[in-house]
There are 2 protein chains.
Amino acid sequence: MNSRPPSEDASWDLVFQALAHESRRRMLDILKDRPGLTVGALAGAFDVSRIAVMKHLAVLEEAGLVVSQKDGRARRLYFNPMPIQLVYDRWTDQYSAYWSGQVADIKRRAEARAREQKKAEKDKRQ
Amino acid sequence: MNSRPPSEDASWDLVFQALAHESRRRMLDILKDRPGLTVGALAGAFDVSRIAVMKHLAVLEEAGLVVSQKDGRARRLYFNPMPIQLVYDRWTDQYSAYWSGQVADIKRRAEARAREQKKAEKDKRQ
DNA sequence: TTCATAAGTAACATCATGGTTACTTTTGTG
DNA sequence: CACAAAAGTAACCATGATGTTACTTATGAA
């Protein structure tokens, strides 16, 4: 398990990596709707082997997106939204300037700026 | 290049996979601040070889996070925030119920629900 | 035209990922 | 206790990701 929040770079890797597989995203959806599901019950919802599902779960737990606890011979699984919350906090902050309306035209404006830069370089050389 | 938005599952894979590497996230940060940067100039900001940087760029372009265009013998690079916007749209929608204050207590409530389930199963068997 | 620069391609090495089957351990129940 | 069920571990395989060096192509400039 990885208990620290994704404040260091490597932790973001774990979160994004975990989300970069449809099966794992689907696991999160399922666990969101049915918290406390056991490993076997979750595995039943997938075509691949139970062991494959357990490996996906290990990835999700490493990323902190799933937490679990033993309950007799079963293990109960819970979705933990915190890492996604943190992804949201960090990235919308950093890119919020782009969100609001001025998004569509980025490339054209960027090209204009590139022409400026190029011209400036040329002028400097001469 | 991958021109379609991440509405199909496989496209989400590409976006998350692309974000799951610190170097690539840093490339996005750099390109956000300096649109129109050339491949070589971008590569200069990294320790790894130019070829490695080009491979990272290929991943980012596949995901639609970077667009580029030739300019003479150079290639100019631009950050495209659209896929991140779409990630935000989809995931905050789907998980918004968790965002608002009731987050901290998920596990405890889930455990209570699990006990309910377990009890119900037991009752059914008897 | 000649040369240097920017970018791209090929081939390869290494390690991680995602899957399998077979076996072991833990634990509840007849 | 004896057995079945749930989970976990080990070993293996195929493929993909990340990096390298060496070479090729395209283009701007002397």
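Because the structure is a prediction, the values reported are computed rather than measured. In the text below, chain A, chain B and the rest are named by the order of the sequence lines, each starting its count at 1.
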Engineer: Using modelled atom types and a 3.5 Å cut-off, is there a donor and acceptor pairing between side-chain atoms of B:Asn80 and backbone atoms of B:Gly64?
Structural biologist: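 At least one qualifying donor-acceptor pair exists.
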
Engineer: Rounded to the nearest Å, what distance is computed from the CG atom of residue B:Asp13 to the P atom of nucleotide D:dT15?
Structural biologist: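 It works out to 19 Å between those atoms.
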
Engineer: Would you say A:Phe79 and A:Val67 make side-chain contact, with heavy atoms under 4.5 Å?
Structural biologist: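 Side-chain contact under 4.5 Å: no.
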
Engineer: Report each atom pair, protein N/O against N/O of nucleotides 17-19 of chain C, whose distance is under 3.5 angstrom.
Structural biologist:
from: C:dG18; atom 1: OP1; to: A:Arg24; atom 2: NH2; distance (Å): 3.3
from: C:dG18; atom 1: OP2; to: A:Arg24; atom 2: NH1; distance (Å): 3.0
from: C:dG19; atom 1: OP2; to: A:His56; atom 2: NE2; distance (Å): 2.4
from: C:dG19; atom 1: N7; to: A:Lys55; atom 2: NZ; distance (Å): 3.0
from: C:dG19; atom 1: O6; to: A:Lys55; atom 2: NZ; distance (Å): 2.3

Engineer: Could you tell me how far apart A:Leu57 (CG) and D:dA6 (P) are, to the nearest whole angstrom?
Structural biologist: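 Whole-Å distance recorded here is 16 Å.
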
Engineer: Is a side-chain N or O of A:Arg24 found less than 3.5 angstrom from the main chain of A:His56, in a donor-acceptor match?
Structural biologist: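 Absent.
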
Engineer: For Watson-Crick and G-U wobble pairs within 3.5 Å on both distances, what is DNA chain C written in dot-bracket notation, | included for inter-strand pairing?
Structural biologist: ||||||||||||||||||||||||||||||

Engineer: May I ask you to decide whether B:Lys55 forms a salt bridge with B:Glu61, counting only side-chain N to carboxylate O separations under 4.0 Å?
Structural biologist: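 Looking at B:Lys55 and B:Glu61, the cut-off is not met.
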
Engineer: Please assess A:Gln17 against B:His21 for the test side chain to side chain contact (heavy atoms under 4.5 Å, CB included), listing each intermediate value before the final yes or no.
Structural biologist: CA-CA 8 Å; A:Gln17 187 63 52; B:His21 196 291; over 6 Å; no

Engineer: For B:Ala63 and B:Pro83, which heavy atoms make the closest approach, and how far apart are they?
Structural biologist: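 Heavy atoms only, the tightest pair is O-CG, 3.6 Å.
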
Engineer: Taking all non-hydrogen atoms of both residues into account, name the closest pair between A:Tyr88 and B:Tyr88 and its distance.
Structural biologist: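 Minimum heavy-atom separation between A:Tyr88 and B:Tyr88: CE1-CE1, 2.7 Å.
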
Engineer: Within the distance-only criterion (no hydrogens, no angle test), does the side chain of A:Arg25 pair as donor or acceptor with the backbone N or O of A:Leu19 below 3.5 angstrom?
Structural biologist: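 Here the side-chain-to-backbone pair exists.
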
Engineer: Atom CG of residue position A:Asp47 - does it have more than 12 heavy atoms of other residues, nucleotides or ligands inside 6.0 Å?
Structural biologist: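 Open.
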
Engineer: Polar atoms only, N or O, under 3.5 Å: list the protein pairs with nucleotides 4-8 of chain C and their distances.
Structural biologist:
from: C:dT5; atom 1: O2; to: B:Arg73; atom 2: NH1; distance (Å): 3.0
from: C:dA7; atom 1: OP1; to: B:Val39; atom 2: N; distance (Å): 3.1
from: C:dA7; atom 1: OP1; to: B:Arg75; atom 2: N; distance (Å): 3.3
from: C:dA7; atom 1: OP2; to: B:Gly40; atom 2: N; distance (Å): 2.5
from: C:dA7; atom 1: N7; to: B:Arg50; atom 2: NH1; distance (Å): 3.2
from: C:dG8; atom 1: OP1; to: B:Arg75; atom 2: NH1; distance (Å): 2.9
from: C:dG8; atom 1: OP2; to: B:Arg75; atom 2: NH1; distance (Å): 2.5
from: C:dG8; atom 1: N7; to: B:Arg50; atom 2: NH1; distance (Å): 3.0
from: C:dG8; atom 1: O6; to: B:Arg50; atom 2: NH2; distance (Å): 2.9

Engineer: Taking A:Arg76's backbone N and O only, do any of them form a donor-acceptor pair with A:Asp71's side chain (distance below 3.5 Å, no angle check)?
Structural biologist: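 Here the side-chain-to-backbone pair does not exist.
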
